Structure formats: C-alpha cells, structure tokens
Number of protein chains: 2
Amino acid sequence: MKKYYKSQPKHHVAVDCIIFGFDGVKLKLLVIKRDFQPGKGNWSLMGGFLQEDESIDQAAERVLEQLTGLKEVYLEQLYVYGNIDRDEADRVISVAYYALVDTQVFGEVNGHHHTGKWFDINERPDLIFDHNEMVEKALRRLRRKAKIQPVGFELLPSKFTLPTLMKLYEAIYQEKFDKRNFRKKMLSFGVINRLEQKDKTGSRKGAFLYEFDMEKYNGMLQNGARFVFS
Amino acid sequence: MKKYYKSQPKHHVAVDCIIFGFDGVKLKLLVIKRDFQPGKGNWSLMGGFLQEDESIDQAAERVLEQLTGLKEVYLEQLYVYGNIDRDEADRVISVAYYALVDTQVFGEVNGHHHTGKWFDINERPDLIFDHNEMVEKALRRLRRKAKIQPVGFELLPSKFTLPTLMKLYEAIYQEKFDKRNFRKKMLSFGVINRLEQKDKTGSRKGAFLYEFDMEKYNGMLQNGARFVFS
DNA sequence: TCAAAAGTGTTCAGCGTACACCCATGT
DNA sequence: ACATGGGTGTACGCTGAACACTTTTGA
C-alpha cells in the first residue's frame, strides 16, 4: 500500500505554539530564546518537528508539555504557514497552535524549565520568521472565540473573582467595560457559581469567588442558548 | 544552511479543496470520482500533493485550476488534518481549503474536465477518508463567514437579483428568511447597486439586477461599520 | 383576468449601553 | 474616619423579528 505516493515530495512539518497567559492584570505571551540554529539567541515561539508516530495535535501537545510541563490545557489549531522561504534554513511547513494557560499553574509546574519568558502582549519582543504574524492571528482568533465561547476561563485559576474576570476581558479586548453591565451579562449566562469564600487580596471588602460550571454550560447549549459576550 | 533539520522526518503534504457552488436554488458541492488508487472509484474532494517549489496557497490554487480551470476564485485555508491513519495508503498531512465559485462560470470553463460532479449539499455522497469531516467543517466556516463578510457574493454571477441573493442565504443557512427584513438589511449596508436591467427569467414582473460594489464595501469598513448579517 | 413572483412599512419586544451611589472593611 | 475597591438598578435607543397587501406582466 505504501507505494502509491512514492513519487511525491516530502516536507519538514513543524508545530509552533502561541501560548497566552493572564497574570491578573495583563495578557501575557510565553516565548523562548532559541538556543539552536538558525536564529540562535532570538526570541521565538515554542516549536518542534512533527514525528512519524504522532498526529499533529499530539505533536502540539508534546511540544507544549516538553517546554512548559503543562498537560491538558486549552489548545487549538490556528493556521498553517507554508511559504517556501518562511524558515531561513530550509523549507518547513509550520502548523501554528494557540494555547491558553493559567500562569499560576505554569509558575508552579515550571521549575526546571527556564527557557521561557512571559511578556505583556503589548511589549512582546520581535520574533523570528513569521512568528509575529502567527501571534497576531492568534490574538484575533482569541478575541473572536472569547466572544462566543467561554474560553477566557482557561486563562484563570478555577476560582476567580468577577473583577478579575472583567480585567481579563479588558486585557483581551484592550478596552474598558462597565462594571454593572459586565456583571449582568456574565451572570445572565448562568454558567458561573458564586462560592462562599471571598478573595481579600484585592480590596479590604473582599470580592466573592466564582467558579465556572461546565455542566450548566453544556445544559445551556442544549437549550439552544449561546454564550455571546458583548 | 540546509543541514540543521537533516535529522528530522519529512512527510507527504497534500491539499484538498472543498468547492462550493450555487445554482440559483441549492448550495452545491463539487466532488470527483477518484481514478487512481487508493480509493479508486470512490467520491472524493479534489486534491493534490504539495510540491517543492510552491507555497501551500499556491498548491491549492494549482489544484483548483487543474481540475476546474478556475482561477482567482475565493479560496481560504480551512484546517489541517494530520492523523496518522487518515489516508489508507500512507501517511499524508492534508491542508483543506474551501472555495466559492459561481457555477455558471464553471459550467462554461469546464469543457474538457468531466471528472467533477456537482451535488446538492444535502445529497452529497459519502466521501473517502476524512473528507466528510472536512466538508462539514467547511460548511460551518462558510456559515460563520457569511454572517460577517459578504463572501456570499462569490457564489453568484456579478449581476444578481435580490430574490436570488436571498435564496443563496437560505441555502447556506437552510432556513427561510422574511423577504422584507432581508431586503431591508441587505440594502442597509449600502454595498450593492441596483442596475436598470431586470431579470425576467424568474417571474413575469421581473426582478431588478444588482451588483456588489467593492469600493463602497471598503469605504464602509473604513468608517468602522461592519457587514453583519442576521 | 388571473396566476406568480416582486416589491414595500410598521409595530413591538429585547438587548446593549450609559450612568451614580452605597457597602464592607482594614488601617 | 476614611480610603479603597466591591457591589447594585434604571432608563433609553436601536435593532431583529413578525406580519399582509399591492404591483407588474405574460399567458
């Protein structure tokens, strides 16, 4: 069976990961300083080559885990970049994925991996090859997605306050929202539960903690309702 | 420079095209009967292997032109399919593209290519490999896109009537729309111009022909306005 | 004259948006 | 007591959705 495509060319295929995080104030991007050629010493997205025994999704998960130690984070294919000269060294097709991670979890897990550095999304350094383009596309995708699906919660700890959630949305959209309207809208979906605890790190009064309720979200979808922000 | 990646595996990379058309009534899908192994005799999307000297976008354009004779049609990358066993014969990474073509133009251009066949989108045959999945994803994408960009016009001749345009939207969304609301909405964007001519093929009274005005559309975007259907 | 599709306005409800004050608490 | 962020309700305008009749013309 393997003979049919023998005459066809083969190509290097890589995955590159755009990793977004949120520190409670700013939207962050995790990049690495390349310690190999080409482009050694430059800032770059995390990436790796697709191997024979893994799907592309698996490759993305592997790359993410190898470099951050994180598993089971939100990871979505973004786009394929296939210009002939996009990589200086040789032709490489790159499949870009974007990931949403809670920076607090990453902080703990990180430990022995010091290659990565978080940058504020607006102060990120210039990246090699077409990686800037990838980041911009990922940002546009994140902004679109966050409007119609509760993906934002992936960037937060499992317990979070409404003011923090609002700051996240403000960081994603680079726009200020009205406190009352934001709460009304968010609570109207009925997919977050208020807990008894308060988080007092942000103020003297303290803000109630909430958690995302996946079951209620699924129920909501089955009722034909939709999560539509803004 | 070419040495850096020597140790990394290479893969077959293909493009597959989901080609949508509109015949004035139904949304159509163009598929081919494979005349080569594996899967010879089965229905399949049009595809081809990525060559060394072309970008992926170029490969998609080439495949589309080789099999339909069509150039400069709406073509957009959809998704990459990279499971190890997705192709029976050997591992092939497939980059799916979807295209929107005016079936009338294709009819003329077609001529010597008889490999393809148009199916109503709801009566399409089972396709090989993961091509069914690709078509479903393309449909979802088309539905999403058509809400926020005037891509629908790609499926129509340059001159079209409002009843036809409405039928197109009904075919895309598989849903009936109210004539008055549809016209009001469409005309409110101010991006189609009414011509003096009427098309009398659809009724005795005849319906005015319109054409899409790209300049007005661009102007509209610069004013911060948006094309948002429904 | 009639059949068949084209064309045309109004009303109502729901939603997004703007907007200002009191509350709880640690210092 | 006071400063700091947390929490709450209302009014208005716009837009999507529902809805029915007249017009044109070829047969």
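Being a predicted model, the structure only gives us computed values, none of them experimental. Chain A is the first sequence line, chain B the second, and so forth, proteins listed ahead of strands; every chain is numbered from 1.
- A straight line from CG of D199(A) to P of dG5(D) spans 13 Å, rounded to a whole angstrom.
- In this entry the distance linking CZ of R194(B) with P of dT8(C) reads 7 Å, nearest Å.
- Here the nucleotide nearest the side chain of S203(B), chosen from dA6(C), dG6(D), dG16(D), is dA6(C).
- Separating the NZ atom of K205(A) from the P atom of dC2(D) is a distance of 20 Å, rounded to the nearest angstrom.
- Between R183(A) and the phosphate of dT8(D), there is a side-chain N or O to OP1/OP2 separation shorter than 4.0 Å.
- Between F182(B) and F177(B), the ring-plane angle classifies as parallel under the 30° and 60° cut-offs.
- There is no side-chain donor-acceptor pair under 3.5 Å between K26(A) and N122(A).
- The 5' end of DNA chain C is approached more closely, in terms of each residue's nearest nucleotide, by N181(A) than by the other of N181(A) and K198(A).
- Of the two residues near DNA chain D, K185(B) and K167(A), the one whose nearest nucleotide lies more 5' is K167(A).
- Salt bridge present: K145(B) and E76(B) bring a charged side-chain N and a carboxylate O closer than 4.0 Å.
- With rounding to whole Å, F182(B) atom CZ is found 12 Å from dA6(C) atom P.
- Taking atom CZ of residue F177(B) and atom C1' of nucleotide dT15(D), one finds them 16 Å apart after rounding to whole Å.
- Looking at the side chain of R180(B), the nearest of the listed nucleotides dT10(C), dA20(D), dA6(C) is dA20(D).
- Between W118(A) and F20(A), the closest heavy-atom pair is CZ3-C, 3.9 Å.
- More than 12 heavy atoms of other residues, nucleotides or ligands lie within 6.0 Å of NZ in K185(B), so this atom counts as buried by the packing criterion.
- Rounded to whole angstrom, the span from the CG atom of D178(A) across to the P atom of dA20(C) amounts to 10 Å.
- Here the P atom of nucleotide dC23(C) and the CZ atom of F208(A) are 15 Å apart, to the nearest Å.
- K184(B) comes within contact range of at least one nucleobase, with a heavy-atom separation under 4.0 Å.
- Not one side-chain nitrogen or oxygen of K179(B) sits closer than 4.0 Å to the OP1 or OP2 atom of dG7(C).
- In this structure, the CE atom of M166(A) is 11 Å from the C1' atom of dG5(D), given to the nearest Å.
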